[in-house]
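This one's a predicted model, so the numbers in the text were calculated from it and none came from an experiment. Below, all heavy atoms of this structure are taken into account, side chains as well, without hydrogens, waters or symmetry copies. All residue numbers in this chain count up from 1 along the given sequence.
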Amino acid sequence: MKNVLFVLMMVVLFAGCKQQNKGDANQKMDISGAGATFPLPYYNIIMKDYSGKTGNHVTYGGIGSGGGIRSLMDKTVDFGASDAYLSDEELKSAPAEVLHIPTCMGAVVLAYNLPHVKGLRLNGELVSDIYLGKITQWNDARIKALNPELSLPDKTITPVYRSDGSGTTFVFTDYLAKVSPEWAEKMGASKSLKWPFGIAAKGNPGVSGIIQQTEGAIGYIGSEYAFSLSIPSAQMQNSAGNFIEANTESISAAANVALPENMRTMITNSSESNAYPISCFTWILVYKEQAYSGRSLEQAKALAGWLDYILSPEAQNVAAKVHYSPLSEIALSNAKTLVSSMTFNGNQLQ
């Protein structure tokens, strides 16, 4: 009888251990996010890579930075994403402390549709006046003065802008507010503006589509869209007076400046002589304290693991291959420190 009982106990224990092991092996997490369309092509690639390596499934909706911030505030996603950092007022209204994790670098370019016109040069004041409706023709004397070697057509300029709350808009208008006193006074920097002139479109894809379909159009879009779709974009005059084309090197050069530990900073109109002037970081936004809304420790760790992967050499190398720029060393170091500060019930996750 003792032998029979012993065998039964061992069978029960073995079955329990097997079931427990099976549960651990199958315990994969779903991670959801929403926000900026600017990094969407990059995120789509590394989400697939990360899911293949870990089994954790990451979904991301490119609904614009404004929508991503609202989703995070409403706690309907695990992470938001934005090309604009939260303002002091937004941070105060947030239900808990929000961390800004930079994931890669990019730029906003002025893409245009002018057949046979290559190497267009612009500066911030001209772009400001185009969007204010003060410059309406491509052969305007001020544009010709910057482009004496180009044959500019007597054609109406059609500016295209974002209709949705957008970090791309914030980056663009932050730059214009720095270089144009009139823009700073009349429009300012914001994710959403009341545009006095032009055509509205939703998301980077929407703006890109209108530019491609409309001869004479100009619009601000994420550099990766211009590169991938082979849409021409203007060389922009930087703070040193140099006309710079947006590329991996010129975008990275914009971050060769002092950066705050919390990474809430803009690098538009960088003082670096080789910097493309409308360069930017893009951020993933998460709550520092992850024990909220019934979340489990496993969910919190999965989210931190996803952020760790984004900051890994493997994922950063992917950025450079799909028309983004990897983070600088100081930005990468600051980002890793921020991820390691995440907590669950006050205890660090890592």
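The CD1 atom of I157 sits 5.0 Å away from atom CH2 of W138, with the distance rounded to the nearest 0.5 Å. To the nearest 0.5 Å, atom CD1 of residue I31 and atom CG of residue L303 are 6.0 Å apart. The NZ atom of K191 sits 12.5 Å away from atom CZ of R162, with the distance rounded to the nearest 0.5 Å. Note that OG of S151 and CG of N139 are 9.5 Å apart. Values are rounded to the nearest 0.5 Å. Taking CD1 of I221 as the reference point, atom OG of S233 lies at 7.5 Å (rounded to 0.5 Å). To the nearest 0.5 Å, atom CZ of residue R121 and atom CD of residue E149 are 6.0 Å apart.
Within a 6.0 Å sphere centred on NZ of K48, heavy atoms belonging to other residues, nucleotides or ligands number 12 at most. The number of heavy-atom neighbours closer than 6.0 Å to CD of E329, taken from other residues, nucleotides and ligands shown, is 12 or below. Atom NZ of K178 has more than 12 heavy atoms from other residues, nucleotides or ligands within 6.0 Å.
Of the possible donor and acceptor atoms, one in the side chain of Q316 sits under 3.5 Å from a partner among the backbone N and O of T103.
With ring centers used as reference points, Y292 lies under 6.0 Å from Y287.
Connection of L86 to V77 is not established within any shared hydrophobic cluster, with ILVMFWY side chains joined at heavy-atom distances below 4.5 Å, either directly or through further cluster members. A chain of hydrophobic side-chain contacts below 4.5 Å, direct or via other Ile, Leu, Val, Met, Phe, Trp or Tyr residues, connects Y276 to M266. At a threshold of 4.5 Å between side-chain heavy atoms, the hydrophobic network of Ile, Leu, Val, Met, Phe, Trp and Tyr places F227 and V318 in two separate groups.
With I278 as the fixed residue, the side chain to side chain contact (heavy atoms under 4.5 Å, CB included) test singles out one of D174, V179, V109, V171: V171. Only one option out of Y324, Y225, F170 pairs with F38 in a ring pair (Phe, Tyr, Trp, His ring centres under 6.0 Å); it is Y324. Partner of Q290 under the side-chain hydrogen bond (donor to acceptor under 3.5 Å, both in side chains) criterion, chosen from K301, Q299, R295: R295.
Between K53 and E314 there is a salt bridge, since a side-chain N of the basic residue sits under 4.0 Å from a carboxylate O of the acidic one. The pair D88-R264 meets the salt-bridge criterion, since a charged nitrogen lies less than 4.0 angstrom from a carboxylate oxygen.
Side chains of S239 and N269: no donor on one and acceptor on the other come within 3.5 Å. Between S250 and N247, the side chains place a donor N or O and an acceptor N or O closer than 3.5 Å (distance only, hydrogens not considered). T169 and Y220 form a side-chain donor-acceptor contact under 3.5 Å, judged by distance and modelled atom types alone.
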Should D154 and Q137 be marked as a side chain to side chain donor-acceptor pair (under 3.5 Å) after you check the CA-CA gap, both sets of side-chain angles, and the distance that decides it? CA-CA 6 Å; D154 182 13; Q137 296 295 122; 3.0 Å; yes
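Qualifying ring-ring contact (aromatic ring centres under 6.0 Å, His included) partners for Y43, counting only residues two or more places apart in sequence or in other chains: Y60.
Residue pairs meeting the side-chain hydrogen bond (donor to acceptor under 3.5 Å, both in side chains) criterion with at least one member in residues 334-344, sequence neighbours excluded: E289-T343.
Between W183 and T173 the shortest side-chain heavy-atom distance falls below 4.5 Å.
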